[in-house]
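Data block below; observations after.
Note that ligands are numbered from 1 as they come in the structure, with each ligand's atoms numbered from 1 the same way.
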Amino acid sequence: MSAPQSLLVKACRTQVVERTPVWFMRQAGRYMPEYRAVRKQYSLIEICKKPELAAAVTITAAEKLGVDAAIIFADLLLPLEVMGLQFRFSAGEGPVIDRPIREEKDVAALRTDNASELGYVAEAVSLVCRHFGARLPVIGFCGAPFTLASYMIEGGGSRNYVQTKKMMYRAPAAWNELLGKLVEVVSEYAIQQVEAGADVIQVFDSWVGCLGVEDYRRFVLPQSTELIQRIRKAGAPVIYFGTETTALLAWMKLTGAEVIGLDWRVPLDEGWKSVGQCGMQGNLDPVLLFAHWGEIKQGAAEVLRRAGGRAGHIFNLGHGILPETPVENVKALSEFVREQAIERIADPALKA
Ligand code: CP3
């Protein structure tokens, strides 16, 4: 940990802070001209695998926006490669796995002894930590077992997750073996990032909201809990994020994550109420950043009003910044949130 006294780390521990920390998912991305310039020369994977480049992209985005954390530039799917599953990015289509996992034997063939080959991400983390020192915390990240399994099985993004759920329901032994293998590799990968100096780890379970509560409890919660507990034991607080999770929130909290990340569909105070005592990250609609400033400002003020000054709020969007987003709106939003003094609300029932 390189910035233990930062607003972000304090908020993760639900300690009282002077103002609400703010950062954005996908804060380094195609909406930013500096990033597009780097992408003219290098592919996404090349940037991820060159620690100096990944660190530079991470640092540029955090400094340009003036946010309260730098999230390491990497991709969710990198661990698939060290498990023996090749993937590529096709323009406009997102990630593609040409030979997805469909049968028990595909699961059995996956390797778990190769996580050290992901060391380039930890190297980038340590470069960013060295750059910022105690000035700015660094967020490492990894995918949650369900979301990574869904890419491995579907071969890319999906609408109904039919293949994924088919394995879950029809071959529960293979499903459990797959998630167990993911926990092994991904926990080692996340811990490498913590040991390199990451202050906080965000676990992305972006697509877990496609599950009903019973299926989440039965097929996903034990493995997500195991992953999150291993990361916490390594010394970093965990932010556990998913989308369309309104029905799952209370169960997601049982993983032991310090902070739950909300998407924009649920009002922040309602989401917080259903989770209970916990840190809460979110949750402005990323598409609101395409509106006029007056609307954006009102939306941001509403998120802060709903947070109500409770300890543990981290301001973010409800999902990542989209490619065409106007940069000046992202900058203005970061500035606006940093200018707001925390107003503690009168209703003691809402206080943490
Ligand atoms: O937040 C940050 O600034 C760090 C960078 C980051 C990237 N991917 C870089 C990236 C993070 C946190 C991720 C996580 C990630 N990757 C997730 C979870 C977050 C989420 O959105 O829920 C997922 C599902 C992936 C897999 C992935 N990688 C997808 C679906 C895509 C989009 C494909 C597309 O064409 O839009 C990517 C590509 C990707 N990863 C980009 C970036 C900046 C954009 C593509 C590029 O630069 O070529």
Side-chain angles (χ1 to χ4, degrees), residues 22-49 53-65 67 69-81 85 87-97 121 124-125 128 136 138-152 154-159 161 164 186 189-190 193 198 200-210 239-245 261-264 281-283 286-287 316-325 327 330 334:
V22 52
W23 69 279
F24 304 115
M25 291 182 272
R26 287 274 168 94
Q27 64 192 24
R30 279 170 296 184
Y31 79 103
M32 206 176 248
E34 292 86 343
Y35 176 74
R36 289 198 301 271
V38 178
R39 281 282 280 113
K40 275 200 178 133
Q41 282 190 60
Y42 303 96
S43 73
L44 173 65
I45 298 300
E46 281 170 335
I47 302 172
C48 293
K49 290 191 174 175
L53 263 182
V57 167
T58 303
I59 292 165
T60 303
E63 287 184 338
K64 180 166 175 162
L65 301 174
V67 282
I71 179 162
I72 193 65
F73 190 85
D75 194 79
L76 208 66
L77 302 185
L78 298 171
L80 271 51
E81 194 179 44
L85 201 60
F87 66 93
R88 58 189 169 84
F89 283 97
S90 79
E93 229 190 303
V96 179
I97 294 146
V121 175
V125 168
V128 179
L136 205 72
V138 177
I139 302 173
F141 74 88
C142 62
F146 175 82
T147 292
L148 288 175
S150 81
Y151 278 104
M152 293 170 116
E154 302 291 339
S158 177
R159 190 175 164 83
Y161 299 91
T164 307
V186 173
Y189 171 54
Q193 297 178 55
V200 173
I201 297 288
Q202 175 150 322
V203 175
F204 282 94
D205 213 348
S206 308
W207 313 133
V208 76
C210 72
I239 304 171
Y240 182 33
F241 167 80
T243 67
E244 302 194 59
T245 54
L262 285 186
D263 79 1
W264 65 92
Q281 176 172 281
N283 73 339
V287 180
N316 206 315
L317 304 172
H319 206 167
I321 299 176
L322 293 161
E324 311 294 327
T325 305
V327 183
V330 184
S334 158

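The line from OG1 of Thr147 to CG of Asp205 is 3.5 Å long, rounded to the nearest 0.5 Å. Here the CD-OG1 distance, from Gln27 to Thr60, works out to 11.5 Å after rounding to the nearest 0.5 Å. Atoms CH2 and CD, on Trp264 and Glu244 in that order, are 7.5 Å from each other to the nearest 0.5 Å. Taken to the nearest 0.5 Å, the CG atom of Asp75 stands 6.0 Å off from the CZ atom of Phe141. Between Tyr161 atom OH and Arg159 atom CZ the span is 10.5 Å, to the nearest 0.5 Å. Rounding to the nearest 0.5 Å gives a distance of 5.5 Å between CD1 of Ile139 and CD1 of Ile71.
For atom 22 (O) of ligand 1, the nearest non-hydrogen atom of the protein is Ser206 OG, 2.4 Å. Ranking the protein heavy atoms by distance from atom 4 (C) of ligand 1 puts Ile72 O, 3.6 Å first. For atom 9 (C) of ligand 1, the nearest protein heavy atom (residue, atom name, distance) is Ala74 O, 3.2 Å. Looking only at heavy atoms of the protein, atom 26 (C) of ligand 1 is closest to Asp75 OD2, 3.7 Å. The protein heavy-atom contact nearest to atom 37 (C) of ligand 1 is Phe89 CE2, 3.4 Å.
Side-chain atoms of Gln281 and Trp23 form a donor-acceptor pair, as typed in the model, at a separation below 3.5 Å. Judged by distance alone, the side chains of Gln41 and Glu46 never bring a donor and an acceptor atom under 3.5 Å apart.
Atom 41 (C) of ligand 1 has its nearest heavy-atom neighbour, among Leu148, Val96, Leu44, in Leu44. Residue Tyr151 holds the heavy atom nearest to atom 24 (C) of ligand 1 of all those in Tyr151, Tyr31, Phe24, Phe204. Taking each of Arg30, Arg39, Arg26 in turn, the one with a heavy atom nearest to atom 34 (C) of ligand 1 proves to be Arg30. Distances from atom 14 (C) of ligand 1 to the heavy atoms of Phe141, Tyr42, Tyr35 show the closest one on Phe141.
Taking a 4.0 Å cut-off on heavy atoms, Gly320 fails to register as neighbouring ligand 1. In this structure, His319 is part of the shell of residues with a heavy atom less than 4.0 angstrom from ligand 1.
Under 4.0 angstrom from ligand 1, there are no non-hydrogen atoms of Thr243. Residue contacts with ligand 1 for Leu76 involve both N, CA, C or O and side-chain atoms from C-beta outward (heavy atoms, distance under 4.0 Å). Using a 4.0 Å cut-off between heavy atoms, Glu93 makes no contact with ligand 1 at all.
A salt bridge links Lys49 to Glu81: at least one charged side-chain nitrogen sits closer than 4.0 Å to a carboxylate oxygen.
Aromatic ring centres of Tyr240 and Phe204: separated by at least 6.0 Å.
Interface atoms of ligand 1 facing Phe73, defined by a heavy-atom separation under 4.0 Å, are 5 (C), 9 (C), 43 (C). The distance from ligand 1 to the heavy atoms of Gly94 drops below 4.0 Å at these ligand atoms: 33 (C). Residue-ligand proximity, Met25 to ligand 1, at heavy-atom distances under 4.0 Å covers atoms 1 (O).
When only interatomic distances are considered, the shortest N/O to N/O separation between Ala28 and ligand 1 falls below 3.5 Å.
Panel note: side chain Asn283, backbone Asp263; a donor-acceptor pair is recorded below 3.5 Å.
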